[in-house]
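What follows is a short report on a single structure.
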Number of protein chains: 2
Amino acid sequence: MGNLADNMEYYLKKLLALSASGFLEIKRKELAGKFNCVPSQVNYVLATRFTLEQGYMVESRRGGKGYLRIRKVDTDGWELPGGILQELQQGSFSAGQAMGIIERLLTGKYISMRESRLMEAAIKCISTVESEQLQSELRGSLLRCMIQALFY
Amino acid sequence: MGNLADNMEYYLKKLLALSASGFLEIKRKELAGKFNCVPSQVNYVLATRFTLEQGYMVESRRGGKGYLRIRKVDTDGWELPGGILQELQQGSFSAGQAMGIIERLLTGKYISMRESRLMEAAIKCISTVESEQLQSELRGSLLRCMIQALFY
DNA sequence: TGTTATTTGACCATCCCTGACCTTTATTAT
DNA sequence: ATAATAAAGGTCAGGGATGGTCAAATAACA
């Protein structure tokens with residue numbers, strides 16, 4: 001038998017898979033009761049096994065009728081065209097290159113109009129930095145960070 | 001079912017949506033009666049779910065013939081809370097301050113979950129810059145640029 | 001044996017709901 | 001008119017019910 005955290009993870013993922021609504025809503029204390037542990041153990045499991053990187057989102061509410069709600073993030077259709085991923089390997093980007101990538105994300109419907117405006121604004125903003133070198137490096141890491149935030 | 005406050009919120013918003021006049025007029029005591037609670041609970045619901053930031057206005061009158069009148073204020077959704085506009089005047093921001101603003105934009109429903117992740121990613125990304133000074137300045141201009149891109 | 005992962009418990013933050021007391025407005029009595 | 005009374009709505013502090021955090025203890029592992 002695995003440990004408590006593993007068992008709880010398994011239990012939650014099973015329930016989640018069975019749930020018709022696409023999300024799972026539980027009470028922290030009840031769950032802890034079912035596994036005969038302290039409530040904060042639930043937080044540990046959520047923090048280590050249901051992170052965004054792992055494809056889960058957890059919402060919660062305190063107070064009377066409080067809850068924990070776990071949903072699997074839908075990553076269908078989130079695959080970026082390989083070309084872009086490859087380009088992102090590059091360390092540095094000119095403003096033009098960066099804009100080009102953002103535009104392709106938009107026309108490919110990977111991002112919304114607002115999201116593209118947000119990204120473009122961030123990239124343009126970088127041009128105020130003195131050093132050309134730093135500028136292009138920053139554009140690169142900004143692009144990578146932002147794209148990662150959206151697609152992973 | 002959710003809790004009392006949620007139910008009352010739902011009830012009021014439904015009535016408001018159905019109302020031809022564009023506003024909803026109720027008696028505090030009656031409403032409390034309908035939900036079998038104390039009248040001040042109505043104030044709680046109004047204070048937490050019908051704020052100006054959330055796009056509602058509540059007028060009232062005491063005494064005989066008193067009433068509560070709720071209306072949805074039409075801001076086209078583009079008005080930012082004044083507090084945030086003011087804060088943005090600041091030149092520099094710590095990562096924490098910036099995150100706070102982004103979070104308020106999110107909870108105030110000014111931006112989506114994805115947009116907030118995008119903005120947070122950009123802000124965090126800046127932390128790789130060597131100079132602390134430049135970091136906090138960059139955070140400031142990034143915030144201003146991104147918010148401007150969305151709201152102007 | 002040293003490192004990492006798990007588990008616990010004490011303390012914290014938030015949300016909801018109530019009740020006592022206060023203020024304002026309309027109505028009624030004088 | 002004026003004063004008293006009734007009929008609204010407003011405020012605020014408190015308590016119960018949750019969930020959150022963090023550091024220390026313990027267990028598992030390499």
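All chains are named by letter (A, B, ...) in the order of the sequence lines, taking the proteins before the strands, and each is independently numbered beginning at 1. Note that the structure is a prediction, hence the values are computed from the model and not measured.
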Legend entry - Residues A:K34 and A:E30 bridged, charged N to O under 4.0 Å: no
Legend entry - Interatomic distance, A:L46 CG vs C:dA5 C1' [rounded to whole Å]: 16 Å
Inset, instruction - Assign B:G66 to base, sugar-phosphate, or nothing according to its heavy-atom contacts below 4.0 angstrom with the strands shown. - result: sugar-phosphate
Inset, instruction - Grab the CG-P distance between A:N36 and C:dG9 for me, whole Å please. - result: 11 Å
Legend entry - C:dC16 OP1/OP2 closer than 4.0 Å to side-chain N/O of B:Y44: yes
Inset, instruction - Return the nearest nucleotide to the side chain of B:V38; candidates are D:dT18, D:dG10, C:dT18. - result: C:dT18
Legend entry - Sidechain-backbone polar pair: B:Q41 side chain, B:V38 backbone, donor-acceptor under 3.5 Å: no
Inset, instruction - Please answer: with hydrophobic residues joined when any side-chain heavy atoms are less than 4.5 Å apart, are B:Y67 and B:Y56 in the same cluster? - result: no
Inset, instruction - Return yes if some donor-acceptor pair links the side-chain N/O of B:E115 with the main-chain N/O of B:S112 below 3.5 Å, else return no. - result: yes
Inset, instruction - Can you check whether any acceptor in the base of C:dT23 is under 3.5 Å from a donor in the side chain of B:R62, or vice versa? - result: yes
Legend entry - Length of the line joining A:F50:CZ and D:dG19:C1', which is rounded to integer Å: 17 Å
Legend entry - Atom pair distance, as rounded to whole Å: CD in A:Q41 and C1' in C:dA10: 16 Å
Legend entry - Among B:E137, B:R139, B:Q133, the one residue meeting side-chain contact (heavy atoms from CB on, under 4.5 Å) with B:Q135: B:R139
Legend entry - Sugar-phosphate only, base, or nothing, as touched by B:R69 at under 4.0 Å among non-hydrogen atoms: nothing
Inset, instruction - For D:dA17, take OP1 and OP2 only and decide whether either is under 4.0 Å from a side-chain N or O of A:K29. - result: no
Inset, instruction - Determine: side-chain N/O of A:K65 to OP1/OP2 of D:dG19, distance under 4.0 Å, yes or no. - result: no
Inset, instruction - Determine, for A:F50 and A:K13, whether the Lys NZ or Arg CZ falls below 6.0 Å from the six-membered ring centre while staying within 45 degrees of the axis. - result: yes
Legend entry - Phosphate OP1/OP2 of C:dA5: any A:T48 side-chain N/O under 4.0 Å: no
Inset, instruction - Determine whether any donor atom in the side chain of A:S40 lies under 3.5 Å from an acceptor atom in the base of C:dG9, or the reverse, and answer yes or no. - result: yes
Inset, instruction - Please state how far atom CZ in B:R28 lies from atom C1' in C:dT23, giving the value in whole angstrom units. - result: 12 Å
Inset, instruction - Rounded to the nearest angstrom, tell me the gap between atom CE in A:M8 and atom C1' in C:dA5. - result: 15 Å
Would you tabulate the pairs of protein nitrogen or oxygen atoms and nucleotide nitrogen or oxygen atoms of nucleotides 25-27 of chain D closer than 3.5 angstrom?
none

Legend entry - Distance, rounded to the nearest Å, where A:E59 contributes CD and C:dT14 contributes P: 18 Å
Inset, instruction - Kindly say if B:R49 contacts the phosphate of C:dC16, meaning a side-chain N or O under 4.0 Å from OP1 or OP2. - result: yes
Inset, instruction - Rounded off to whole Å, could you give me the CD1-to-C1' distance for the B:I26 and D:dA7 pair? - result: 17 Å
Inset, instruction - Just grab all the ring pair (Phe, Tyr, Trp, His ring centres under 6.0 Å) pairs involving residues 14-48 of chain B, residues at least two apart or on different chains. - result: B:Y11-B:F35
Legend entry - Spatial distance of atom CD1 (A:I123) from atom CG (A:L118) [nearest 0.5 Å]: 11.0 Å
